[in-house]
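One structure is given here, and the rest of the page talks about it.
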Amino acid sequence: QVHLVESGGGLVQPGGSLTLSCEGSGLSLRDYGMSWHRQAPGKERGLVASISRSGKSTTYADSVKGRFTISRDDANNMVYLRMNSLKSEDSAVYLCKAFRDSAQNTYWGEGTLVTVSS
């Protein structure tokens, strides 16, 4: 069975930092491009960051550029999202996705909740 499990979410004050983790089970993440998405109540799910299979290419949403960093550790089957200078607008459920060449080879985690509030 294939599973992606996110962790690291929680409550953080504006300006604070948080690191999210995504652990793969039943698949080798080195075979997949990886991405982080987020969805806030009443809003559509949006792409936050992505990283290529090689780790040499990354993409970020304009709203998080300069603040968030996506990275991968294929040896440990993990992907991370380091979030700095957090804003209330960053509050959302964050989800991890593994993707390859088709929908049948695309997997989603269940998400971890991040709440930025004073």
Side-chain angles (χ1 to χ4, degrees):
Q1 292 184 323
V2 173
H3 292 102
L4 295 175
V5 180
E6 302 95 337
S7 61
L11 177 64
V12 62
Q13 292 186 314
S17 298
L18 207 61
T19 297
L20 306 182
S21 300
C22 175
E23 182 175 9
S25 179
L27 77 168
S28 295
L29 297 189
R30 68 173 69 253
D31 296 329
Y32 297 84
M34 301 295 298
S35 59
W36 286 95
H37 303 249
R38 67 186 181 187
Q39 186 166 24
K43 296 185 178 180
E44 295 183 355
R45 183 178 299 178
L47 174 68
V48 175
S50 65
I51 186 167
S52 64
R53 286 190 291 174
S54 68
K56 296 183 179 297
S57 179
T58 58
T59 301
Y60 297 93
D62 288 340
S63 58
V64 307
K65 286 181 179 178
R67 299 189 298 120
F68 290 12
T69 302
I70 187 171
S71 61
R72 62 191 305 151
D73 181 0
D74 291 337
N76 290 300
N77 228 30
M78 300 284 288
V79 176
Y80 304 97
L81 183 68
R82 177 64 177 174
M83 305 183 293
N84 295 321
S85 302
L86 284 163
K87 307 173 181 179
S88 60
E89 303 96 284
D90 296 318
S91 296
V93 172
Y94 284 72
L95 305 100
C96 177
K97 184 178 79 173
F99 57 95
R100 203 158 63 184
D101 57 352
S102 70
Q104 292 185 334
N105 290 309
T106 299
Y107 305 95
W108 288 87
E110 294 298 321
T112 185
L113 178 63
V114 173
T115 302
V116 184
S117 178
S118 60

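Reckoned from all heavy atoms, side chains included, excluding hydrogens, waters and symmetry mates.
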**Request:** Would you confirm whether Thr112, through its side chain, and Gly9, through its main-chain N or O, come within 3.5 Å as a donor-acceptor pair?
**Result:** yes
**Complete:** For Thr106, the side-chain contact (heavy atoms from CB on, under 4.5 Å) test, sequence neighbours excluded, returns Lys97, Phe99, Trp108
**Prompt:** Which pair of heavy atoms, one from Ser91 and one from Ala40, lies closest together, and at what distance?
**Reply:** O-CB, 3.6 Å
**Message:** Tell me every residue that passes salt bridge (charged side-chain N to carboxylate O under 4.0 Å, His left out) with Asp62, counting only those two or more places apart in sequence or in another chain.
**Reply:** Lys65
**Asked** Yes or no on side-chain contact (heavy atoms from CB on, under 4.5 Å) for Leu11 and Ser117, after CA distance, side-chain angles and deciding distance?
**Response** CA-CA 7 Å; Leu11 177 64; Ser117 178; 4.2 Å; yes
**Request:** Measure from the side-chain N and O atoms of Asn105 to the backbone N and O of Arg100, and report whether any donor-acceptor pair falls under 3.5 Å.
**Result:** no
**Asp90: partners by salt bridge (charged side-chain N to carboxylate O under 4.0 Å, His left out), with sequence neighbours left out** = Arg38, Arg67
**Prompt:** What distance do Leu113 atom CG and Glu6 atom CD have between them, rounded to the nearest 0.5 Å?
**Reply:** 11.5 Å
**Message:** I need the Leu95 CG to Leu47 CG distance, nearest 0.5 Å.
**Reply:** 11.5 Å
**Request:** Quick one: pull up CE in Met78 and OG in Ser21 and give me the separation to the nearest 0.5 Å.
**Result:** 4.0 Å
**Prompt:** Nearest heavy-atom pair of Ser118 and Pro14: which atoms, and what distance?
**Reply:** N-CD, 3.6 Å
**Request:** Not counting sequence neighbours, list each pair that qualifies as a disulfide bond (SG atoms under 2.5 Å apart) and has a residue in residues 26-69.
**Result:** none
**Message:** Counting only heavy atoms not in Glu110 (residues, nucleotides, ligands), do more than 12 fall under 6.0 Å from its CD?
**Reply:** no
**Request:** Give the other cluster members for Val64, using side-chain heavy-atom distances under 4.5 Å between Ile, Leu, Val, Met, Phe, Trp and Tyr residues; answer none if it is isolated.
**Result:** Val2, Leu4, Val12, Leu18, Leu20, Leu27, Leu29, Tyr32, Met34, Trp36, Val48, Ile51, Tyr60, Phe68, Ile70, Val79, Leu81, Met83, Leu86, Tyr94, Tyr107, Val114, Val116
**Item:** Interatomic spacing from OG in Ser85 to NZ in Lys87 - rounded to 0.5 Å
**Value:** 8.0 Å
**Item:** Nearest-0.5 Å distance, CD of residue Glu23 to NE2 of residue His3
**Value:** 12.0 Å
**Pairs involving residues 46-59, ordered by first then second residue, that meet side chain to side chain donor-acceptor pair (under 3.5 Å) (sequence neighbours left out)** = Ser52-Ser54
**Request:** Taking all heavy atoms of Asn84 and all of Ser17, pick out the closest pair and write down the distance.
**Result:** OD1-OG, 2.8 Å
